[in-house]
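To start, the structure under review is shown below, and the notes come after it.
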Amino acid sequence: MIRNRLISSLLVCVIASSPATLLAQSDAAPNIDGLELVEKDRRGEIYAARDVDWPTYKKIKFEDVTVAFRKNWLRDQNHGRKSLSNRVTANDAERIRNDLASLFEEVFTEELTEKGDWVIVEESAEDVLLIKPSIVDLDVYAPDIQGASRTRSYTDSAGKMTLKLELYDSATGAILALASNRQESPDRGYVTWATKGSNKAEARTILQKWAKALDRRLSEATGKAAVD
């Protein structure tokens, strides 16, 4: 069934980067907004609606991504920082959030249009799939801040974050699927100086993984393009 093809595809997109087998769906599974729970593991989960004609969707419309740090991130970052000049400020947090949102738009546009076969539009239509993305629980382990007294931060991993996707029919507003996936930068096995550039590079790697998976699997599910 088309629906099962999409569910299987989204499972790979949001739960793993390698192919996965769709588990049997129980009629007694819990639901969110009328969606059925398809799969859940330590990295994420997916809910999907029944009887969706996925090949109808030829284009994608993105809402602006929202970015939120994990609870108490700012407080924990400043624990033990005695010098006011070396504290992470609300302005630093806002800059990081804005930079990540811009990077998300850049990476997803590149992967889905320049490297993929999708057209990203701004208007709703019957053939447009609306995607509402959000990044939550962002945890930058060693943010590079521009204090009066420059302090180097060392870490063996850049951080972690969770992507949440809400998929809607753009014309009717009907919700079609919900998906989430948590990723963490790999542990290098050694500590190194964390900079704005190195943190951005690690974030780009995770975003590219998510964008490539979304492009590949949605294209497969909708029959838009052949999949290697």
Side-chain angles (χ1 to χ4, degrees), residues 12-18 40-46 62-112 115 131-166 178-215:
V12 179
C13 170
V14 300
I15 295 179
S17 57
S18 59
K40 183 176 183 178
D41 73 358
R42 66 184 181 84
R43 286 192 178 274
E45 58 190 13
I46 181 172
F62 275 100
E63 286 201 352
D64 291 340
V65 63
T66 60
V67 179
F69 282 98
R70 69 167 176 82
K71 184 180 180 180
N72 296 326
W73 176 82
L74 192 60
R75 182 201 66 185
D76 294 343
Q77 279 292 324
N78 287 322
H79 180 72
R81 295 179 187 250
K82 297 181 179 180
S83 173
L84 292 178
S85 63
N86 290 327
R87 291 177 66 84
V88 183
T89 67
N91 286 339
D92 292 321
E94 183 177 10
R95 172 181 54 80
I96 293 171
R97 291 171 56 237
N98 290 338
D99 287 348
L100 183 56
S102 296
L103 186 62
F104 177 95
E105 180 179 358
E106 174 187 329
V107 170
F108 271 69
T109 299
E110 178 182 3
E111 296 296 336
L112 293 173
K115 298 181 180 179
I131 300 180
K132 298 181 180 181
S134 60
I135 294 174
V136 299
D137 295 328
L138 174 63
D139 193 352
V140 181
Y141 296 157
D144 186 22
I145 59 174
Q146 305 297 322
S149 176
R150 188 64 182 271
T151 299
R152 292 189 175 188
S153 298
Y154 294 85
T155 181
D156 57 4
S157 176
K160 58 186 177 182
M161 55 184 173
T162 296
L163 174 66
K164 292 187 176 183
L165 297 177
E166 301 176 17
L178 298 174
S180 67
N181 178 249
R182 181 173 61 256
Q183 290 289 330
E184 182 172 10
S185 298
D187 188 337
R188 305 184 190 92
Y190 60 90
V191 296
T192 186
W193 178 22
T195 67
K196 181 179 180 180
S198 66
N199 285 338
K200 181 178 180 179
E202 294 285 358
R204 178 183 291 274
T205 297
I206 293 177
L207 292 173
Q208 286 176 329
K209 179 186 295 185
W210 281 331
K212 288 176 184 293
L214 180 62
D215 171 37

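- Using a 4.5 Å cut-off on side-chain heavy atoms (C-beta onward), L165 and L214 make contact.
- At least one side-chain heavy atom of F69 sits under 4.5 Å from a side-chain heavy atom of I96.
- Proximity of a side-chain donor or acceptor of R182 to a complementary backbone N or O of T162 within less than 3.5 Å is not detected.
- Distance check, rounded to the nearest 0.5 Å: CD of E202 to CG of L207 gives 11.5 Å.
- Residues meeting the side chain to side chain donor-acceptor pair (under 3.5 Å) test with E63, sequence neighbours left out: none.
- For E105, there are no salt bridge (Lys or Arg N to Asp or Glu O under 4.0 Å) partners at least two apart in sequence or on another chain.
- Among residues two or more places apart in sequence or in another chain, the side chain to side chain donor-acceptor pair (under 3.5 Å) test is passed with K212 by E111.
- At a threshold of 4.5 Å between non-hydrogen side-chain atoms, the residues L163 and V65 do not count as touching.
- The heavy-atom pair separating A203 from L100 by the smallest distance is CB-CD1, 4.1 Å.
- Between K132 and K164, the closest side-chain pair of non-hydrogen atoms is not below 4.5 Å.
- Among residues two or more places apart in sequence or in another chain, the side chain to side chain donor-acceptor pair (under 3.5 Å) test is passed with T89 by D92.
- A donor-acceptor pair under 3.5 Å is formed between the side chain of Q77 and the backbone N or O of Y141.
- Distance check, rounded to the nearest 0.5 Å: CG of D99 to CD of E106 gives 11.0 Å.
- With rounding to the nearest 0.5 Å, the separation of CD1 in I206 from CG in L103 is 10.5 Å.
- The 12-atom threshold is not exceeded at CG of D64, counting heavy atoms of other residues, nucleotides or ligands nearer than 6.0 Å.
- Taking R70 as the reference, D76, D139 meet the side chain to side chain donor-acceptor pair (under 3.5 Å) condition, with sequence neighbours excluded.
- The two residues A142 and N199 have their closest heavy-atom pair at O-ND2, 3.2 Å.
- Summarising the geometry, atom CG belonging to D215 is positioned 11.5 Å from atom CD belonging to E110; distances are rounded to the nearest 0.5 Å.
- Note: S102 OG to R97 CZ = 11.5 Å, rounded to the nearest 0.5 Å.
- In this structure, CZ in R87 is found 11.0 Å from NE2 in H79, a value given to the nearest 0.5 Å.
- Every residue was checked against the salt bridge (Lys or Arg N to Asp or Glu O under 4.0 Å) condition with E94, not counting sequence neighbours, and none meets it.
- In this structure the side chain of W73 reaches within 4.5 angstrom of the side chain of V88, judged on heavy atoms.
- Here the side chains of F104 and V67 are not in contact, with every heavy-atom distance at 4.5 Å or above.
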Where do E184 and K160 land on the salt bridge (charged side-chain N to carboxylate O under 4.0 Å, His left out) test, with the steps shown first?
CA-CA 4 Å; E184 182 172 10; K160 58 186 177 182; 5.3 Å; no
